[in-house]
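What follows is a set of notes on a single structure, which appears directly below.
What you see is a predicted model, and the numbers here were worked out from it, not measured in a lab.
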Amino acid sequence: DVQLQASGGGLVQPGGSLRLSCAASGFSFAGYAVGWFRQAPGKGREGVSCISSSGGRNFYSASVKGRFTVSREDAEDTVYLQMNSLKPEDTATYYCARYLGSHPIAGLWATPSQYHTWGQGTLVTVSS
């Protein structure tokens, strides 16, 4: 089976950090960009970040830029999202997904329809 599994979520205090992982099984991430999305209760799915296949061209939403860092380890078929200086508004279920190609396009990388092979999410709760 082709699957993605996000993990690493949990409860953290404001200002804290978490590192999310996205592991692929049944296929390889190599050659594909990978995106992170989040969905808060009652809200739509929001693009958070996307990493190109080479790791050299990455995108972040304005709300997380400077606080979150995306990285990848293709040898392990894993993509990471390091989240620092977390805020209560970062509370959401976080999902990873494989982009349709290797190079995300500015203006399209945050569009869910540009992705397939969505994984099950991991819940991040930022609260004191």
Side-chain angles (χ1 to χ4, degrees):
D1 286 349
V2 173
Q3 292 184 349
L4 288 177
Q5 180 63 57
S7 62
L11 174 64
V12 63
Q13 293 186 342
S17 298
L18 281 175
R19 188 176 79 156
L20 305 184
S21 299
C22 175
S25 62
F27 72 99
S28 174
F29 274 142
Y32 289 96
V34 177
W36 284 97
F37 287 75
R38 66 186 181 186
Q39 188 164 16
K43 295 188 176 181
R45 194 162 291 192
E46 174 194 11
V48 173
S49 181
C50 184
I51 184 168
S52 66
S53 60
S54 67
R57 180 172 170 80
N58 307 327
F59 295 90
Y60 298 92
S61 67
S63 60
V64 308
K65 195 170 185 178
R67 300 187 297 122
F68 290 12
T69 302
V70 65
S71 61
R72 63 190 295 154
E73 182 57 63
D74 283 354
E76 298 179 356
D77 280 322
T78 303
V79 172
Y80 301 98
L81 185 68
Q82 177 67 42
M83 306 187 297
N84 299 330
S85 302
L86 283 162
K87 305 175 181 180
E89 51 264 43
D90 294 318
T91 295
T93 298
Y94 285 71
Y95 301 88
C96 57
R98 188 175 71 175
Y99 191 71
L100 292 176
S102 60
H103 298 289
I105 298 172
L108 289 178
W109 71 268
T111 303
S113 63
Q114 298 296 304
Y115 295 80
H116 61 82
T117 317
W118 290 82
Q120 292 185 339
T122 185
L123 178 62
V124 173
T125 303
V126 185
S127 175
S128 55

Contact list for residues 7-31, test salt bridge (charged side-chain N to carboxylate O under 4.0 Å, His left out), sequence neighbours left out: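 Pairs touching residues 7-31 that pass the test: none.
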Which pair of heavy atoms, one from [X] and one from [Y], lies closest together, and at what distance?
X    : Y   : result
D77  : F27 : OD2-O, 3.9 Å
Y60  : V70 : OH-N, 2.9 Å
F59  : S49 : O-OG, 2.9 Å
V48  : F37 : CG2-C, 4.0 Å
S102 : G31 : CB-O, 3.1 Å
Q82  : S17 : NE2-CB, 3.9 Å

Same apolar cluster: [X] and [Y], side chain cutoff 4.5 Å:
X   : Y    : value
Y32 : L100 : no
L20 : Y95  : no
L18 : Y80  : no

Name every donor-acceptor pair, under 3.5 Å, that has one atom in a side chain of residues 113-128 and the other anywhere in the protein, sequence neighbours excluded.
| from | atom 1 | to | atom 2 | distance (Å) |
| --- | --- | --- | --- | --- |
| Y115 | OH | W109 | O | 2.5 |
| T122 | OG1 | G9 | N | 3.0 |

Before you tell me yes or no, could you show the steps for Y99 and I105 under side-chain contact (heavy atoms from CB on, under 4.5 Å), namely the whole-Å CA-CA distance, both residues' side-chain angles and the distance that decides it to 0.1 Å? CA-CA 10 Å; Y99 191 71; I105 298 172; 3.9 Å; yes
R67 vs D90 side-chain heavy atoms within contact, under 4.5 Å: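 With C-beta onward as the side chain, the pair touches.
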Is there a side-chain contact between S71 and V79, using heavy atoms and a 4.5 Å cut-off?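 The answer is no, as the side chains (C-beta and beyond) never meet within the 4.5 Å cut-off.
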Holding to side-chain hydrogen bond (donor to acceptor under 3.5 Å, both in side chains), I want the full list of residues that pass it with S63, two or more places apart in sequence or in another chain.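 Only R38, E46, S61 meet the side-chain hydrogen bond (donor to acceptor under 3.5 Å, both in side chains) criterion with S63.
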About how many Å separate CZ of R72 and SG of C22, when rounded to the nearest 0.5 Å?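 Rounded to the nearest 0.5 Å, the SG-CZ separation comes out at 10.0 Å.
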Nearest 0.5 Å, what's the OG-CD distance between S21 and Q5?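 CD of Q5 is found 10.5 Å from OG of S21.
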